[in-house]
Amino acid sequence: MLRPLVQGMSCLRLHGAQSGALREAVQGGGAAARALPHPLLQTVRTTFILKRKTRPYLVNTHKKVRDRRLKARHFQYVLVEDTNIKKKEPVKVLLRTSVEGLGSRGEVVEVAPNKARKELLLPGLAVYASPDNLEKFSTLITDTTQEDQPSSPFALSTANMLSMKVIYVSMNKYKPWVLEPWHIRVAFRKVGVIMPERPSPCPRTPSPARTLTSRTKNLQSRLRVEAGMGRQGVVGAEGGWSTVVGRHGGGRVSWGPAWGPKEGGVVINNKEEAAVRCRLNHYTSNMLDRLPCQGNFWELPSDPLFPEQAALLEELNSRNQQPEEEELD
Amino acid sequence: MASLAAVCSTGVARTQVLRWAATSLHTSAALEAARKGTRAKAEAKKKASKKEEVKREFIPLKKRLELKQTGGASPRRFEDHLKNPSDDVWVTTFYKWKVYTVEEALAMHRETHHATQADLPDAHVYVCIELDMAADKKNRFIDDFYNVIRMPHDFNTGQERSILVISSNEEVHEQALQMGATHAAGLEVVKQAQAGDINLWEYDHYIAETEILPELVAIRGLIKKRFPTVRNGTAGNDVLAILERFTKGVEYNTSKDKYHHDYATIRVPFGQLSMSNDQLEENLSAVLKEVERQKPPRKSSNLITMVMIVSPPSREQFKFDPTPYLLQSVMPIKAAVTG
């Protein structure tokens, strides 16, 4: 309803006597007209393609005009196509900054027109990839160094997703073990995150085991320990060995430079890093002997395995906590 | 007619009389015949238009609703719309499944079953095969099938089968029982079964000598599709060789989806993680070739659509490419069809 009204009003204004200057400007075209920001002059797509229900027959010319008139039935139409609801072609836009899940700076990408307008063009993240703009922003790609950009459109969202997760590292309940990077890789793979095996740059001989006797007491009650793999790389930087002693079995946590080029954390494409919360789970294949299953385990508190990472874990926990609902009085 | 003319001439009641005359006038034989013809025509037309009443069988509501169910979307995994992973760390839900080699898949299962983790070094390795059961004709599907495969490298399968060996030779009976047959007997089985002395349904498989098959026809109605035949590989001259396949082999069977008749799966163990990679690959190849052999001649599309390696209790499944394991052609043995 509104659209034809708006169009009609715009025509009125154009033909009205008072807006003579405006009409001249618009009809004359040129720079002046383009400079006029008038909401009513924006293109309104009101094209409906119709078809007559009844086709009028050809009439002999010698007949009177009265007989040649179209009948009421000739003014009944069937809608063939509404151009408004037609699927629109994607538009090409030039990204001025890197956009997650889409592309990096200076890249020309194809996006659905509505999405392009709302999410890219209006916030100023991108411009239309017109020849003028391409020329204007041609320096964008050359100016940016690789370091400014994410390594891939999906790397950042993967990193975000990983830092939200709490991943259980299942280690045997009875056999002694030393936690190694490949255990973590397997734990990640089990929850559907594939990581490459990074070659260790400098294999180190383990320093003498450091027993976390103070932690032992706490462990006995829950047997689940939380170890943060943080960017700070407290574990990695230390390069030492720690021992976790459980009630039933024991294990040592070794976290060394073998983890990757950068200490600790998951490194995506050798660039983006994510701190992921991991918990040790004392596992056995005997169903009856397993630790009881915990619902919503990611919400449960747990002790940090390495005291140095307590602050990082706290930050990760608080970031991923659901905001508590306010009580209604 | 004279009286009629007299009445007509009276004037007042003229119209009424005319009406009466019209009804009584059509009495000639010719007209009568014509009317009879039209009547017959109308009756014939009525008869033709009358539909034959179809007797509808009563279907209870519960069953009628069941028949309406379609089972929803196909259980097959469609991943045409997904991309291949581009990063070195990725979340599998958003991408196509990676196609591993068999060695990689086995190595990964050995990791999860390592002594420091699940500690199950002897766990069974299964191959999960997804099948396309649609034949070339529309609405025509391959029936469920089963068979027992003798692996190139034996392992403890954990499967138990009850086998009845029927042979006319008494020496064979003793050997068969030693080899692990549940029961071995001669032709007296026929009479015993008919008298109800033994229950044939207690046995999963029946193996018999080719020569005595004609005498066994009497019990064919009891064991139906499991009746020993040369074609199924359950009858032959050397019963003991067949028995060995049944005692030491691995049984597989397809399980069709309830609603999607073109979708079936096979899950069969082909070894243990403690076996060497070469042994496992040879066993795997034997399984895949055996299943491929069941493809009917009138089926143009592939029977095997997807294969994965699984090793419980780990729920991980690793897809791999079966083509290199299917290359060699082997003599076909037709598997039995589940009845």
Side-chain angles (χ1 to χ4, degrees), chain A residues 101 150-162 164-165 168-180 182-198 249-252 260 265-274 276 281-287 290, chain B residues 77-79 81-126 128 156 158 269 272-274 306 308-320:
Chain A
S151 56
S152 90
F154 312 104
L156 284 175
S157 43
T158 310
N160 276 339
M161 197 177 171
L162 284 179
M164 284 197 289
K165 279 185 183 289
Y168 267 24
V169 185
S170 293
M171 301 304 287
N172 200 280
K173 201 171 164 184
Y174 299 111
K175 291 270 174 85
W177 43 260
V178 174
L179 193 65
E180 283 168 46
W182 70 264
H183 288 127
I184 305 295
R185 202 190 69 235
V186 170
F188 273 59
R189 198 180 62 216
K190 277 183 175 174
V191 295
V193 181
I194 308 290
M195 287 202 294
E197 177 128 54
R198 295 192 193 282
R252 291 188 299 172
V266 179
V267 186
I268 305 167
N269 293 341
N270 252 335
K271 192 163 188 182
E272 285 81 10
E273 292 181 27
V276 189
N281 176 27
H282 286 245
Y283 175 86
T284 163
S285 50
N286 181 5
M287 292 282 275
R290 271 184 211 164
Chain B
R77 182 179 166 85
F78 289 107
E79 47 180 30
H81 59 292
L82 296 172
K83 295 183 287 286
N84 279 319
S86 54
D87 303 349
D88 64 351
V89 176
W90 78 90
V91 184
T92 45
T93 34
F94 305 129
Y95 298 95
K96 277 181 181 150
W97 276 0
K98 194 181 169 184
V99 181
Y100 294 97
T101 62
V102 174
E103 295 95 59
E104 280 172 343
L106 291 171
M108 284 187 287
H109 280 308
R110 285 193 183 112
E111 278 175 347
T112 49
H113 293 73
H114 193 259
T116 56
Q117 297 205 313
D119 191 21
L120 294 166
D122 286 336
H124 278 129
V125 200
Y126 289 74
C128 281
N156 179 22
Q272 285 170 302
L273 280 178
S274 49
M306 182 152 83
M308 290 167 295
I309 293 182
V310 193
S311 182
S314 162
R315 273 180 289 175
E316 287 181 289
Q317 40 192 10
F318 301 113
K319 186 178 166 182
F320 69 96

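FYI, side chains are in, hydrogens and waters are out, and symmetry mates aren't considered; it's all heavy atoms of this structure. Lettering of chains follows the sequences in order, A, B, ..., and the numbering in each one begins at 1.
Residue contact with chain B, scored on non-hydrogen atoms closer than 4.5 Å, involves the side chain of A/Met161 exclusively. Looking at A/Thr284, there are no atoms closer than 4.5 Å to chain B (heavy atoms on both sides), in backbone or side chain. Contact of B/His114 with chain A is made through the side chain alone, with heavy-atom distances under 4.5 Å.
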- request: May I have the step-by-step check of side-chain contact (heavy atoms from CB on, under 4.5 Å) for A/Ile268 and B/Asp88, ending in yes or no?
  value: CA-CA 6 Å; A/Ile268 305 167; B/Asp88 64 351; 4.1 Å; yes
message: What verdict does the side-chain contact (heavy atoms from CB on, under 4.5 Å) test give for B/Glu111 and A/Arg185, after you've listed the backbone C-alpha separation in whole Å, the side-chain angles of each residue and the deciding distance to 0.1 Å?
response: CA-CA 10 Å; B/Glu111 278 175 347; A/Arg185 202 190 69 235; 2.4 Å; yes
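Counting all heavy atoms, side chain and backbone alike, A/Pro196 lies closest to B/Val89 at CD-CG2, 3.9 Å.
Once rounded to the nearest 0.5 Å, the distance linking CD of A/Glu272 with CG of B/Asp87 reads 8.0 Å. For the atom pair CE of A/Met171 and OG1 of B/Thr116, the computed distance is 4.5 Å after rounding to the nearest 0.5 Å. A distance of 11.0 Å separates CG of A/Asn269 from CH2 of B/Trp90, quoted to the nearest 0.5 Å. Considering CZ of A/Arg189 and CD of B/Glu316, their distance stands at 4.5 Å, rounded to 0.5 Å. Between the NZ atom of B/Lys98 and the CD1 atom of A/Ile194 there is a distance of 7.0 Å, given to the nearest 0.5 Å. Atom CD of residue B/Gln117 and atom OH of residue A/Tyr283 lie 9.5 Å apart, to the nearest 0.5 angstrom.
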